[in-house]
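Presented below is the structure to which this report refers.
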Amino acid sequence: MTDLLEKERELRESEEKYRFLFSANIDSIVMFDLENLEITETNQSFTDLYGYSKEEIIGKPYTILTAEEEKTALQIRSAIDEGFSRESIRLHRKKNGETIYTETALSSFLVKGRKICYAISHDITQRVKAEQQLSERETRFRSFFESNLVGFAEISISGEWLNFNSKLCEILGSDPGKLMGTTWMEITQRDDVETENNLIHKILTRQIESYSLEKRFIRPNGSLTN
């Protein structure tokens with residue numbers, strides 16, 4: 001009898017721990033039946049993220065949350081076959097129709113003869129959008145850099161060339177190999193070096209964010225750019 005009571009106590013403690021972790025988790029958690037995909041349980045973070053109350057969503061198909069049904073169906077199948085599936089980016093849909101990016105993990109279990117799946121989703125919308133904006137800016141910059149409309153260069157703090165376009169070589173009258181063997185300041189006319197060094201110092205010490213300067217470069221033949 002004592003052993004039975006002890007096992008019952010351990011079971012209650014285990015269930016209480018599970019319930020606490022389920023309810024207090026900062027990520028959205030959804031439980032659904034793998035036979036019919038009907039949602040059977042959610043936590044508060046799910047309501048906060050998707051906008052559905054528990055009463056509204058219980059009994060609805062899990063696929064109501066996805067904006068990529070075919071991909072989600074494949075993920076569910078993977079969770080069934082392998083017991084676990086993780087997608088680093090999945091497009092989901094809130095109650096109000098707004099789409100969000102999530103990182104979603106599915107885990108399947110057998111509970112009292114029923115196949116149940118836990119879906120844990122973490123909202124990564126801000127990160128994905130920031131990465132997309134960065135990629136778009138990089139694409140626009142690279143397109144402009146390679147357009148040869150103006151001379152472009154990337155240089156290190158010490159003035160070494162990191163990258164430049166053919167238009168700059170044309171302006172400086174130098175081929176890429178010879179130009180790479182110099183530094184930014186080496187080909188700057190001496191009277192302009194001190195002025196630019198002062199401006200670079202202000203950039204590095206955050207006194208200014210950028211500067212514009214009319215300066216002269218020394219071409220390989222000794223002439224100066226205008």
Side-chain angles (χ1 to χ4, degrees), residues 27-28 49 65-72 74-75 78 85-94 96-105 121-226:
D27 289 327
S28 163
L49 179 59
L65 304 177
T66 181
E68 301 172 306
E69 289 196 22
E70 291 185 7
K71 291 181 179 180
T72 298
L74 290 174
Q75 187 182 8
S78 179
S85 178
R86 179 186 296 276
E87 291 292 337
S88 58
I89 299 180
R90 175 67 71 238
L91 192 61
H92 279 195
R93 181 177 288 111
K94 293 184 177 184
N96 63 8
E98 177 188 353
T99 55
I100 56 173
Y101 291 97
T102 68
E103 180 178 7
T104 301
S121 298
H122 178 66
D123 185 4
I124 58 171
T125 304
Q126 290 186 343
R127 190 194 80 195
V128 171
K129 288 185 175 180
E131 290 172 351
Q132 290 174 340
Q133 290 172 357
L134 181 61
S135 177
E136 289 171 1
R137 286 197 296 268
E138 174 64 23
T139 299
R140 288 197 297 269
F141 169 76
R142 186 56 50 189
S143 176
F144 197 47
F145 188 95
E146 296 173 352
S147 68
N148 288 328
L149 295 173
V150 295
F152 263 106
E154 295 176 280
I155 61 173
S156 69
I157 293 176
S158 59
E160 297 172 337
W161 302 102
L162 301 177
N163 198 6
F164 48 77
N165 65 357
S166 58
K167 184 65 175 180
L168 183 67
C169 293
E170 177 186 329
I171 293 171
L172 298 177
S174 180
D175 62 62
K178 289 182 179 179
L179 185 59
M180 191 60 77
T182 66
T183 66
W184 178 263
M185 285 305 180
E186 280 180 36
I187 64 169
T188 296
Q189 209 279 338
R190 287 189 178 87
D191 293 340
D192 297 332
V193 169
E194 184 177 355
T195 299
E196 186 159 29
N197 274 335
N198 289 334
L199 291 170
I200 291 173
H201 175 73
K202 289 183 178 180
I203 288 283
L204 296 177
T205 55
R206 301 182 183 277
Q207 297 179 53
I208 58 175
E209 294 183 358
S210 62
Y211 69 84
S212 175
L213 173 68
E214 290 188 13
K215 60 177 287 183
R216 294 160 291 178
F217 287 103
I218 305 170
R219 296 192 177 100
N221 62 9
S223 65
L224 300 176
T225 59
N226 296 323

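- Leu204 and Ile157 get closest at one heavy-atom pair: CD1-CG2, 3.9 Å.
- Within 6.0 Å of the CD atom in Gln126, the count of heavy atoms belonging to other residues, nucleotides or ligands does not exceed 12.
- In this structure a side-chain-to-backbone donor-acceptor pair under 3.5 Å is missing from Asn165 to Leu149.
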Please list, one pair per line, the donor and acceptor atoms closer than 3.5 Å that link side chains of residues 136-146 to other protein atoms, with sequence neighbours excluded.
from	atom 1	to	atom 2	distance (Å)
Thr139	OG1	Ser135	O	2.9

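- Judged by distance alone, with hydrogens and angles left aside, the side-chain atoms of Glu68 form a donor-acceptor pair with the main-chain N or O of Leu91 at under 3.5 Å.
- Between Asp192 and Arg216 the shortest heavy-atom distance is OD2-N, 2.9 Å.
- Here the side chains of Arg219 and Thr225 are in contact, with some heavy-atom distance below 4.5 Å.
- Not counting sequence neighbours, Glu186 has no partner by the salt bridge (Lys or Arg N to Asp or Glu O under 4.0 Å) test.
- Nearest heavy atoms, Trp161 versus Ile155: CE3-CG2, 3.7 Å.
- Between the CG atom of Asp175 and the CD atom of Glu170 there is a distance of 13.5 Å, given to the nearest 0.5 Å.
- In terms of heavy atoms, Asp123 sits closest to Leu49 at OD2-CD1, 3.6 Å.
- Across every non-hydrogen atom of Ser121 and His92, the tightest pair is OG-CE1, 3.9 Å.
- Note that CZ of Phe217 is 7.0 Å distant from CG of Leu168, once rounded to the nearest 0.5 Å.
- Atom NZ of Lys94 is surrounded by more than 12 heavy atoms from other residues, nucleotides or ligands within 6.0 Å.
- For the pair Ile218/Leu224, a side-chain contact is recorded, criterion being any heavy-atom separation below 4.5 Å from C-beta on.
- Looking at Pro220 and Lys178, their side chains never come closer than 4.5 Å, going by heavy atoms from C-beta outward.
- Rounding to the nearest 0.5 Å places CZ of Arg127 at 6.0 Å from CD1 of Ile89.
- Taking 4.5 Å as the limit, some side-chain heavy atom of Thr66 sits within range of a side-chain heavy atom of Glu69.
- The minimum heavy-atom distance between Leu172 and Ile187, with the atom names listed, is CD1-CD1, 3.7 Å.
- Counting heavy atoms from C-beta on, the side chains of Tyr101 and Gln132 come closer than 4.5 Å.
- Here Thr183 contributes atom OG1 and Met180 contributes atom CE; the two are 12.0 Å apart, rounded to the nearest 0.5 Å.
- Side-chain N or O atoms of Thr99 include none that pairs as donor or acceptor with a backbone N or O of Arg93 at under 3.5 Å.
- Within the 4.5 Å cutoff, the side chain of Ile200 has heavy atoms near those of the Met185 side chain.
- A distance of 7.5 Å separates OG of Ser28 from CG of Leu65, quoted to the nearest 0.5 Å.
- With contacts defined as side-chain heavy-atom distances shorter than 4.5 Å, the pair Leu179/Cys169 qualifies.
- Within the structure, side chain to side chain donor-acceptor pair (under 3.5 Å) contacts touching residues 196-206 (residues at least two apart or in different chains) are Trp184-Glu196, Glu196-Tyr211, Glu196-Lys215, Thr205-Gln207.
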